[in-house]
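Here's the structure, in structure tokens; my notes come after.
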Amino acid sequence: MRLTIIGTGYVGLVTGACFAEVGHQVICVDNDSAKVKLLQGGGIPIYEPGLEDMVRKHSASGGLRFTNSTAEGVEKSDVIFIAVPTPSLPDGSVDLSFIEKVAREIAAAMTGYKIVVDKSTVPVKTGDKVAETIKRYCKAQVEFDVVSNPEFLREGFAVGDLMKPDRVVIGVRSQRPVAAMKEIYAPFQAPIIVTDINSAELIKHASNSFLALKISYINAVSVLCEAAGANVQEVAHGMGMDERIGNRFLNASLGFGGSCFPKDLSAFIKIADQVGYDFGLLKEVQKINSAQMDRFVKKIVDTLWVLKDKKIGVLGLAFKQNTDDVRMSPAIDLCQRLVKEGAALRVYDPKAMDKARAILPNATYVEDMNEVAEGCDALVIATEWEEFKKLDLDRARKGLTHPILFDGRNLFDPAEMEKLGFIYKSIGR
Ligand code: UDX
């Protein structure tokens with residue numbers, strides 16, 4: 001099918017590439033000319049495993065094209081996906097100005113029936129507003145349908161998540177666009193759920209908030225484990241074997257971050273507020289998450305006492321593994337707090353160092369993870385990169401002035417670390 005994706009961020013670009021991979025003709029539109037030029041020239045603005053090869057392959061074959069003209073994208077395709085940012089406003093609600101602007105641009109360019117699909121994460125009832133806007137600004141007065149089709153991809157695993165989705169949600173106001181939407185997704189061989197548009201929009205916020213709740217739950221349990229002398233990983237394992245609970249998203253950590261969970265939680269609380277429901281449960285999820293970081297910083301301060309003039313090595317800057325994304329990264333938050341206390345940092349991340357430099361200009365960026373500990377008073381693990389498990393622990397211990405390791409992601413075994421001579425402090429163990 002002929003598809004256009006407006007917005008080439010993490011969601012739009014991965015979606016466009018995966019649609020091309022299954023044989024659709026895809027046009028990706030972005031108003032950032034520099035980005036479009038980079039993509040047209042075979043470059044890629046983000047790191048996402050597997051994405052670069054896919055974009056190159058389909059750009060070369062002509063199945064995936066890039067332009068900064070929304071009008072061209074609308075004219076040449078039957079289905080237009082909106083995948084633009086929906087950032088938080090200072091009060092926690094969602095800034096829908098990009099969505100509104102794109103809806104107007106699509107409307108202005110429409111000369112025949114189109115299906116306009118919202119992929120961005122938006123508050124319930126946004127689909128109705130998009131439909132109203134298109135109707136108002138479409139001079140040609142042609143027919144159209146608005147569909148909600150939320151994305152559930154995780155950064156770092158986005159290509160895999162999109163190629164093999166657990167489910168595809170299609171929210172509609174009438175049955176007319178259903179056949180085309182099913183045809184688009186048929187090659188992905190996933191269960192397709194057709195709902196009303198409001199339910200589809202709610203599924204996204206309810207899912208992300210639930211996952212965040214699951215992490216905060218295990219983080220709260222980790223506090224109990226520390227107090228009681230239990231091991232949160234064993235508790236999570238025992239819980240997760242109950243199929244009703246499941247073992248995923250039960251990794252205790254220094255807290256969740258990223259461009260989705262914090263923003264979606266605030267938005268969902270606000271949406272509930274607007275319809276007259278106080279979603280206290282989710283407010284508690286936020287509180288537990290920020291307390292988790294406070295507790296981790298306290299652990300470091302309690303051990304090292306005064307941080308002023310101390311040198312601390314930090315492994316991990318991205319908000320999670322497999323990505324270069326540092327937006328709302330707990331690792332960056334941690335670094336900023338340590339710097340505020342007067343510590344000097346030596347940092348390393350496999351992919352996120354370039355993006356971190358602007359936020360942490362005074363840290364020393366080290367190119368090899370095994371050199372980070374050199375001359376430091378302590379080493380901290382802040383992101384769950386698999387490769388950190390292969391750290392040369394012997395070298396790290398010898399390089400540190402004192403063999404102290406704070407593990408915010410529970411990557412190592414406490415008994416093993418003690419045997420190796422480390423003072424090892426992790427989460428809930
Ligand atoms: C999330 C959702 O998973 C995805 O479905 C949605 O479409 C977008 O938001 P993403 O933000 O890319 O995806 O990352 P995710 O893997 O969910 O991790 C979010 C944060 O939670 C990270 O900081 C991660 O380190 C943390 N996390 C995750 C934990 O602390 N413990 C866990 O068990 C899982």
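Keep in mind that the numbers below use all heavy atoms, side chains included, and drop hydrogens, waters and symmetry copies. Count residues from 1 along the sequence. Start at 1 and go down the list; that is how both ligands and their atoms are numbered. Predicted, not measured: the structure shown is a model, and the values here were computed from it.
Here the heavy atom of the protein found nearest to atom 27 (N) of ligand 1 is Ile215 CD1, 3.5 Å. Distance from atom 16 (O) of ligand 1 to its nearest protein heavy atom, with residue and atom name: Lys320 NZ, 2.8 Å. In this structure, atom 26 (C) of ligand 1 lies nearest to the protein heavy atom Phe256 CB, 3.8 Å.
The local environment of CE in Met1 is crowded, with over 12 non-hydrogen atoms from other residues, nucleotides or ligands closer than 6.0 Å.
Within the 4.0 Å heavy-atom cutoff, Gly258 does not count among the residues contacting ligand 1. At a 4.0 Å cut-off, at least one heavy atom of Arg409 sits close enough to ligand 1 to count as contact. Within the 4.0 Å heavy-atom shell around ligand 1 one does not find Gln321.
Not counting sequence neighbours, Asn31 has no partner by the side chain to side chain donor-acceptor pair (under 3.5 Å) test.
If you look at Phe261 next to ligand 1, the close heavy atoms, those under 4.0 Å, all belong to the side chain. Under 4.0 angstrom from ligand 1, there are no non-hydrogen atoms of Thr323. Counting heavy atoms under 4.0 Å from ligand 1, residue Asn251 touches it through both backbone and side chain. Only the side chain of Lys204 comes within 4.0 Å of ligand 1, counting heavy atoms alone; its backbone N, CA, C and O stay farther away. Residue contacts with ligand 1 for Met328 are absent, since no atom lies close enough (heavy atoms, distance under 4.0 Å). In Leu153, the part holding a heavy atom less than 4.0 Å from any atom of ligand 1 is the backbone.
Against a heavy-atom cut-off of under 4.0 Å, Glu384 is close to the following atoms of ligand 1: 24 (C), 25 (O).
Across Arg65 and Lys76, no two heavy atoms sit closer than the pair NH2-CD, 3.9 Å. Pro45 and Leu39 make their closest contact through CD-CD2, 3.7 Å (heavy atoms, listed as atom of the first residue, atom of the second, distance).
In summary, the side chains of Ser222 and Asn219 do not present any donor paired with an acceptor at a separation below 3.5 Å, with no hydrogens or angles considered.
Of the charged side-chain nitrogens involved, at least one lies within less than 4.0 Å of a carboxylate oxygen, so that Lys283 and Asp278 count as a salt-bridged pair.
Ring centers of Phe81 and Phe19: under 6.0 Å apart, within the cut-off.
Looking at Phe157, Phe249, Tyr10, it is Phe249 that brings a heavy atom closest to atom 34 (C) of ligand 1.
Only one option out of Asp128, Asp145, Asp118 pairs with Arg173 in a salt bridge (charged side-chain N to carboxylate O under 4.0 Å, His left out); it is Asp128.
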